[in-house]
Number of protein chains: 2
Amino acid sequence: MTIYEVARHAGVSIATVSRVLRGTAPVAEQTSARVRAAAQALHFTPNRLGRSLAEGRHAANGIVFPDLVGPYYAEVVLGYEEAASELGSSVLILATGRRRDAAAAVVELAGRVDGLVIMGNTVDDATAAGIAAGGVPVVLLAREPLAGIDTIRTRNAASAKVLAAHLVEHGHRRIAFLGDPAGSPDVAGRFAGLAAGLRAAGLPAPEPVSCGLETAAGEAAAAVLLDGDRPDAIVGANDEVALGALLAAAAVGLRVPDDLAVTGWDDVLAARFAGLTTVRQPMRELGATAARWVHRRIAERTADPNRPLAPARRRILPTQLVVRRSCGHHGTPGGS
Amino acid sequence: MTIYEVARHAGVSIATVSRVLRGTAPVAEQTSARVRAAAQALHFTPNRLGRSLAEGRHAANGIVFPDLVGPYYAEVVLGYEEAASELGSSVLILATGRRRDAAAAVVELAGRVDGLVIMGNTVDDATAAGIAAGGVPVVLLAREPLAGIDTIRTRNAASAKVLAAHLVEHGHRRIAFLGDPAGSPDVAGRFAGLAAGLRAAGLPAPEPVSCGLETAAGEAAAAVLLDGDRPDAIVGANDEVALGALLAAAAVGLRVPDDLAVTGWDDVLAARFAGLTTVRQPMRELGATAARWVHRRIAERTADPNRPLAPARRRILPTQLVVRRSCGHHGTPGGS
DNA sequence: GTGAAAGCGCTAACAG
DNA sequence: CTGTTAGCGCTTTCAC
């Protein structure tokens, strides 16, 4: 089913069919009607490949993320999709998950899109830089900046520092961090901020207790931690981990926040119902901003392929501490 | 940056470049090395459009869903992506959200893919059927079957009936449903099953209280409901709605489950922490199955474009009642 | 082993 | 207004 068959069916040339379907040039009403009727009758759906090849653009963008578990990435992707489709681009997704050929998959994806967003802990810098060098605009999300490449992040370290201060104010002294700083730039930033905040309060920086980002991982790691010489407070790398810690605490009969304080990160829906103190980040906005930035880069290149690129942009979106009851008692108004 | 430039750079023909990069035919080691070096030096990424056009396939599938809010759709999409990419397809996503040109967007998407999954309440039957008629394999997900089109759903009505029986057993008699059966096939199925279950117990079927699928919508609708002549139990169309009802109940000082029972659907993470009785459905599996089914359809067509299509397949994936404390007291072992 | 050339489906000059 | 035609980047015969 191609434009040729529609043309034959309608007794016109393929150019006319294209013009009618795209509305790109005036066509006699009668001819136009014939073409539309033929297209309808044949259930013709234009093959986007032909058009894209002829136009020299995919009209599609891609986004690469580790996975879609938990609301965080899903929200980012949704924000991205919304903004991208408003800007006329389809969206290709790629979850690197636990696949071993992540780099190859991302490179292949780069051949399908006009621009690409690469999130956190998905592929190595060389791969990302190589794609950008190949001429495909890249935006890095929740990830360390790379020379010449736009980057958008959320405030991790600074907010973690505030969180540390808050915990110290509650009287907590022995504070443990649950998460793997090496596993994701976000987690690294949160841990660094926590450590800085504790140092600023004259407390020793904790060792991170490495664990995955799911509830089960947090629960298991916390269980081990609580079994020994336990801390006053556990800072989870994200809400899932913190919720796991809550479960582990409950399992050994510890009361939160009396016996143990717990905090998370992301403000997922469950955090609200668990009374979990956490840090909210603008996930949708993160995705939407990324979509706008790639779009702008693409437009720049289209406008003048030879002009030297504008310098790489950087942005850090603000995050917000959400205090609930898991970090300690706040008493009635006026209390601490 | 095309294959021509790589060929020139390496002093070979484009055919050779293609062979080296695809590994599709023997090439002298020396030549091959030259080509790879050239490709590397030029940061060459093959444009998938050319390949797809030549091969006659996109090597991409699409999935259309209402939005990505809440874990449900995100999990389905992730399951889809995982399975599709294992089968060698890229994944295009389209959230119809609150866009008014949903049908057009889906048709356009159909021109970019080898096969398409269309979920729940996204586009009308005519659009879906038209795309299928155009020759693009379609699989319907969480949606009423259409003649000649494969459909996968989860068990809604039957599980809702079980849920109804469970609530009745707890002694609840005045049972309200929070959700809009007209808004989504899943919700319709749940409501129908609930009504059937209540009728089977000799109780009158309730009027559904229409509301959106977010927590805020559930909370608002429940608040109204609880203000008047309130029910014994509220069955939420999904967990978010039910969690909203929990908030509304707490706001007016009602104890759950003593004064009011509440149930949800989906078993999101928050349900566990809110002690919400709910129904779990295999979301990942739903997406993965859909990916395998489109893949199979595409393979069938590729193998023999003229063979009449195999009859439409139907599948209903099982769901599972997860009893927690929000539906009523279950006492100690042996109690009810 | 390697190259030349014919498309894949569509858009966009360029002629009429 | 409408038709002809030359690509867009790549794969794939078919020759050599």
Side-chain angles (χ1 to χ4, degrees), chain A residues 1-36 38-39 42-60 88 107-108 110-114 134-136 302 305, chain B residues 1-36 38-39 42-60 88 107-108 110-114 134-136 302 305:
Chain A
M1 181 50 12
T2 75
I3 202 175
Y4 284 87
E5 303 178 48
V6 178
R8 190 151 36 77
H9 203 85
V12 298
S13 76
I14 59 161
T16 297
V17 175
S18 176
R19 287 193 269 254
V20 171
L21 265 31
R22 297 261 79 74
T24 148
V27 174
E29 180 46 49
Q30 199 191 355
T31 320
S32 173
R34 269 217 318 284
V35 170
R36 275 195 303 271
L42 293 150
H43 291 290
F44 174 66
T45 305
N47 185 332
R48 233 312 181 159
L49 292 173
R51 176 164 171 205
S52 290
L53 201 49
E55 289 181 339
R57 59 178 224 127
H58 298 269
V107 170
E108 140 95 19
R112 294 178 171 271
V113 297
D114 300 319
V136 176
T302 311
Chain B
M1 181 53 6
T2 75
I3 202 174
Y4 283 89
E5 303 178 48
V6 178
R8 191 152 35 77
H9 203 84
V12 298
S13 75
I14 59 161
T16 299
V17 175
S18 174
R19 287 192 269 253
V20 170
L21 266 31
R22 297 262 80 74
T24 149
V27 174
E29 180 45 47
Q30 199 191 355
T31 320
S32 171
R34 268 213 323 282
V35 169
R36 275 195 303 271
L42 293 152
H43 291 289
F44 175 66
T45 307
N47 185 333
R48 238 333 287 216
L49 291 173
R51 179 168 171 200
S52 291
L53 199 50
E55 288 181 339
R57 61 178 221 125
H58 298 268
V107 170
E108 140 93 20
R112 294 178 172 271
V113 297
D114 300 319
V136 176
T302 309

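Residue numbers start from 1 in every chain, and the chains themselves are labelled A, B, ... in the order their sequence lines are given, proteins ahead of strands.
Counting any heavy atom pair closer than 4.0 Å across all strands shown, A:Ala28 reaches sugar-phosphate atoms only and no base atom. Among the atoms of the strands shown, none is found under 4.0 Å from any heavy atom of B:Val17.
Computed from coordinates, the A:Arg19 CZ to C:dA15 C1' distance equals 11 Å when rounded to whole Å. Here the P atom of nucleotide D:dG9 and the CZ atom of A:Arg112 are 17 Å apart, to the nearest Å. In this structure, the CG atom of B:Leu21 is 8 Å from the P atom of D:dT11, given to the nearest Å. One can place CZ of A:Arg57 at 11 Å from P of C:dA12, the figure rounded to the nearest angstrom.
One distance of note links CZ of B:Arg48 with CD of A:Glu108; it measures 5.0 Å at 0.5 Å rounding. To the nearest 0.5 angstrom, A:Arg36 atom CZ is 5.5 Å from A:Glu29 atom CD. Atom CD1 of B:Ile14 is separated from atom OG1 of B:Thr2 by 8.5 Å, given to the nearest 0.5 angstrom.
Look at A:Thr16 and you'll find a side-chain N or O under 4.0 angstrom from OP1 or OP2 of D:dG3. A:Thr24 has no side-chain polar atom (N or O) that falls below the 4.0 Å cut-off from OP1 or OP2 of C:dT11.
Pairs of residues two or more places apart, or lying in two chains, never qualify as salt bridge (charged side-chain N to carboxylate O under 4.0 Å, His left out) while including a residue from residues 5-27 of chain A.
Looking at residues two or more places apart in sequence or on another chain, you find a side-chain contact (heavy atoms from CB on, under 4.5 Å) between A:Ser13 and A:Ala15, A:Thr16.
No side-chain donor-acceptor contact under 3.5 Å links A:His58 to the backbone of A:Asp114.
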Which protein N or O atoms sit under 3.5 Å from an N or O of nucleotides 7-10 of chain C?
from: C:dC8; atom 1: O2; to: B:Leu53; atom 2: O; distance (Å): 3.4
from: C:dC8; atom 1: O2; to: B:Ala54; atom 2: N; distance (Å): 3.1
from: C:dG9; atom 1: N2; to: A:Gly50; atom 2: O; distance (Å): 3.0
from: C:dC10; atom 1: OP1; to: A:Asn47; atom 2: N; distance (Å): 2.8
from: C:dC10; atom 1: OP2; to: A:Ile3; atom 2: N; distance (Å): 2.5
from: C:dC10; atom 1: N4; to: A:Tyr4; atom 2: OH; distance (Å): 3.3

